[in-house]
A.B. asks: 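Dumping the structure here so I can ask a few things about it.
All values below come from the heavy atoms of this structure, side chains included, with hydrogens, waters and symmetry mates left out. All values reported here derive from a predicted model rather than from experimental measurement.
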Amino acid sequence: MELRDQNGMTEAEFLAAYTDKHYPAPYLTADVVLLSEGTEVLMIRRKGHPYMGCWALPGGFVNPDENAAQGALRELMEETNVTGYTLDDIYEIGLFSDPGRDPRGWIVSDAFLVPVKRGDIHFKAGDDAADAAWIPVEKLSEMPLAFDHRKVLEKALKLYASLNLAAR
């Protein structure tokens with residue numbers, strides 16, 4: 001016997017009639033903080049709008065056939081040519097969803113930390129990146145960053161410290 005709700009509908013009937021007109025869907029992106037031993041972050045310089053020419057974390061839109069962590073690793077590869085990391089190598093920093101965080105509209109980002117050793121990383125700007133570079137953490141406060149990436153970096157550094165990853 002199929003369950004029916006207060007309107008007498010089965011789940012299949014409910015889903016067939018469902019419309020999301022009252023709840024517009026946000027777009028989902030994923031960002032990556034590739035942090036070298038707690039002292040440097042691999043950043044990209046944006047090739048296009050918005051924030052063209054600004055430094056940003058590697059990241060971008062998540063595809064419908066992947067979860068946010070998979071999208072983060074794919075975007076890292078597309079924008080920096082850094083490969084070899086798996087879902088076991090990353091730590092979720094959190095979801096960033098403040099209104100206005102992205103001038104293109106309602107776009108939320110799930111951010112991830114990938115702790116690395118600089119010598120293990122070989123990168124080259126690709127895809128949406130005009131350039132890529134290691135930026136010392138202490139210099140980030142002086143630089144204009146795209147989106148809410150300063151907030152993402154602050155949380156990433158706290159997560160890194162709390163996990164005591166430097167001791168590994």
Side-chain angles (χ1 to χ4, degrees), residues 25-48 50-98 101-102 104-168:
Y27 295 100
L28 178 61
T29 61
D31 294 311
V32 179
V33 178
L34 201 72
L35 184 62
S36 174
E37 302 177 54
T39 62
E40 296 177 297
V41 179
L42 185 61
M43 304 286 287
I44 60 140
R45 188 180 298 272
R46 289 186 53 83
K47 190 187 291 186
Y51 295 104
M52 186 168 72
C54 285
W55 289 101
L57 296 166
F61 289 95
V62 175
N63 290 331
D65 63 343
E66 60 191 6
N67 64 39
Q70 292 167 330
L73 291 174
R74 177 185 49 76
E75 285 290 338
L76 178 65
M77 187 273 302
E78 289 177 2
E79 293 188 348
T80 67
N81 289 288
V82 171
T83 61
Y85 292 97
T86 69
L87 299 178
D88 293 331
D89 300 315
I90 66 176
Y91 298 84
E92 188 171 28
I93 299 166
L95 190 68
F96 294 81
S97 61
D98 286 347
R101 67 167 297 278
D102 191 313
R104 295 171 291 189
W106 190 14
I107 299 174
V108 299
S109 185
D110 202 356
F112 297 88
L113 170 64
V114 182
V116 299
K117 291 185 179 181
R118 182 179 178 170
D120 296 342
I121 303 299
H122 305 285
F123 66 90
K124 178 182 167 193
D127 195 30
D128 299 328
D131 193 11
W134 287 109
I135 308 291
V137 168
E138 67 269 5
K139 289 195 174 199
L140 290 168
S141 63
E142 307 164 10
M143 302 170 58
L145 301 180
F147 309 103
D148 57 356
H149 289 182
R150 185 170 318 285
K151 186 176 181 180
V152 175
L153 286 163
E154 288 168 1
K155 282 192 78 175
L157 291 169
K158 287 179 184 175
L159 175 61
Y160 182 83
S162 74
L163 296 173
N164 199 20
L165 296 172
R168 289 186 180 182

A.B. asks: Is it true that a side-chain atom of H149 and a backbone atom of L57 form a donor plus acceptor pair closer than 3.5 Å?
C.D. replies: yes
A.B. asks: Could you tell me if the side chain of I93 sits less than 4.5 Å from the side chain of Y160, heavy atoms only?
C.D. replies: no
A.B. asks: So, for S97 and V108, which heavy atoms are closest and what is the spacing to 0.1 Å?
C.D. replies: CB-CG1, 3.4 Å
A.B. asks: So Y91 and V33, side chain to side chain contact (heavy atoms under 4.5 Å, CB included) or not? Walk me through it.
C.D. replies: CA-CA 10 Å; Y91 298 84; V33 178; over 6 Å; no
A.B. asks: Looking at every non-hydrogen atom in both residues, tell me the closest pair between R104 and R46 and how far apart they are.
C.D. replies: NH1-NH2, 4.5 Å
A.B. asks: Knowing that exactly one of T83, L42, N81 qualifies, which makes a side chain to side chain contact (heavy atoms under 4.5 Å, CB included) with F123?
C.D. replies: L42
A.B. asks: Using atom types as modelled, flag every donor-acceptor pair under 3.5 Å from a side chain in residues 67-80 to any protein atom, sequence neighbours excluded.
C.D. replies:
| unit_1 | atom_1 | unit_2 | atom_2 | d |
| --- | --- | --- | --- | --- |
| N67 | OD1 | A69 | N | 3.1 |
| N67 | OD1 | Q70 | N | 2.8 |
| Q70 | OE1 | N67 | N | 2.8 |
| R74 | NE | E66 | OE1 | 3.1 |
| R74 | NE | E66 | OE2 | 3.0 |
| R74 | NH1 | E78 | OE1 | 3.2 |
| R74 | NH1 | E78 | OE2 | 3.2 |
| R74 | NH2 | F61 | O | 2.7 |
| R74 | NH2 | E66 | OE2 | 2.6 |
| E79 | OE1 | G59 | N | 3.0 |
| T80 | OG1 | L76 | O | 2.5 |
| T80 | OG1 | V82 | N | 3.3 |

A.B. asks: Report the distance from atom CD of E92 to atom CG of L87, rounding to the nearest 0.5 Å.
C.D. replies: 11.5 Å
A.B. asks: Closest heavy-atom contact between V137 and G38?
C.D. replies: CG2-O, 3.8 Å
A.B. asks: Calculate, to the nearest 0.5 Å, the distance between atoms CG and CD belonging to L140 and E154 respectively.
C.D. replies: 10.0 Å
A.B. asks: Which residues satisfy the side chain to side chain donor-acceptor pair (under 3.5 Å) test with T86, sequence neighbours excluded?
C.D. replies: D89
A.B. asks: Might you point out which heavy atoms bring P144 and C54 nearest each other, and give the distance in Å?
C.D. replies: O-CB, 4.4 Å
A.B. asks: Working note: L145 + L153, criterion side chain to side chain contact (heavy atoms under 4.5 Å, CB included); need CA distance, chi angles, decisive distance, verdict.
C.D. replies: CA-CA 10 Å; L145 301 180; L153 286 163; 3.7 Å; yes
A.B. asks: Output the distance between atom CG (D128) and atom CD1 (I44), rounded to the nearest 0.5 Å.
C.D. replies: 7.0 Å
A.B. asks: Excluding sequence neighbours, so at least two apart, what forms side chain to side chain donor-acceptor pair (under 3.5 Å) with T29?
C.D. replies: S109
A.B. asks: Under the criterion ring-ring contact (aromatic ring centres under 6.0 Å, His included), which of Y51, W55, F96 is the partner of F147?
C.D. replies: Y51
A.B. asks: Less than 4.5 Å apart, any side-chain heavy atom of P115 and any of L35?
C.D. replies: no
A.B. asks: Is there a donor-acceptor contact under 3.5 Å from the side chain of R150 to the main chain of M143?
C.D. replies: yes
A.B. asks: How long is the straight-line distance from CG of L113 back to CG of D31, given to the nearest 0.5 Å?
C.D. replies: 12.5 Å
